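Here the structure is a predicted model, which means the values were calculated and not measured. Just so you know, residue 1 is the first one in the sequence shown, and it goes up from there.
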Amino acid sequence: MRLPLAGGTNVLIYPKSNHAAASFTILNFPVDNVEKAIDELTKRGVRFEIYDEPNLKTDKKGIFRGGGPVIAWFKDPAGNILSVLEQK
């Protein structure tokens with residue numbers, strides 16, 4: 001199956017019978033505004049991860065603003081970690 005992305009790029013997606021979800025971010029989606037992207041994706045049913053760890057704290061929407069790019073993580077249906085990453 002192909003997942004069409006902006007700009008005409010496609011990502012190939014296929015099932016794997018013994019899949020184990022990755023414990024790290026496998027795909028970042030660059031966006032102009034993370035908060036706006038979260039609002040739109042939340043309306044479509046995407047649930048963002050909330051972290052409250054010593055070196056990783058997100059706000060109530062799931063946005064990390066602790067240095068580096070503004071980012072928010074969510075999981076795909078197979079449990080892999082994806083993100084929206086603000087790039088200005």
Restricting to non-hydrogen atoms, name the atom on [X] and the atom on [Y] that form the minimum distance, rounded to 0.1 Å.
X     : Y     : result
Phe74 : Glu49 : CA-CG, 4.2 Å
Asn10 : Pro4  : OD1-CA, 3.2 Å
Ile50 : Lys60 : CD1-O, 3.3 Å

Validation row: Asp39, Lys61 side chains within 4.5 angstrom (heavy atoms)
yes

What I'd like to find out is whether the side chain of Ile63 reaches to under 4.5 Å of the side chain of Glu35, using heavy atoms alone.
yes

Is there a continuous path of hydrophobic side-chain contacts, each under 4.5 Å between heavy atoms, that joins [X] to [Y]?
X     : Y     : answer
Ile13 : Val46 : yes
Leu82 : Leu85 : no
Leu56 : Val70 : no
Phe48 : Leu27 : yes
Leu41 : Leu5  : yes

Step by step, work out the side-chain contact (heavy atoms from CB on, under 4.5 Å) result for Asn80 and His19.
CA-CA 10 Å; Asn80 297 300; His19 172 74; 3.4 Å; yes

In Å, rounded to the nearest 0.5 Å, how long is the span from [atom1] of [X] to [atom2] of [Y]?
X     : Y     : atom1 : atom2 : result
Ile38 : Asp59 : CD1   : CG    : 7.0 Å
Ile71 : Asn28 : CD1   : CG    : 5.0 Å
Arg2  : Leu12 : CZ    : CG    : 7.5 Å

What class does the angle between the rings of Phe64 and Trp73 fall in, given that below 30° is parallel, 30 to 60° is tilted and above 60° is perpendicular?
tilted

Can you pull out every salt bridge (charged side-chain N to carboxylate O under 4.0 Å, His left out) where at least one residue sits in residues 22-33? Sequence neighbours excluded, please.
none

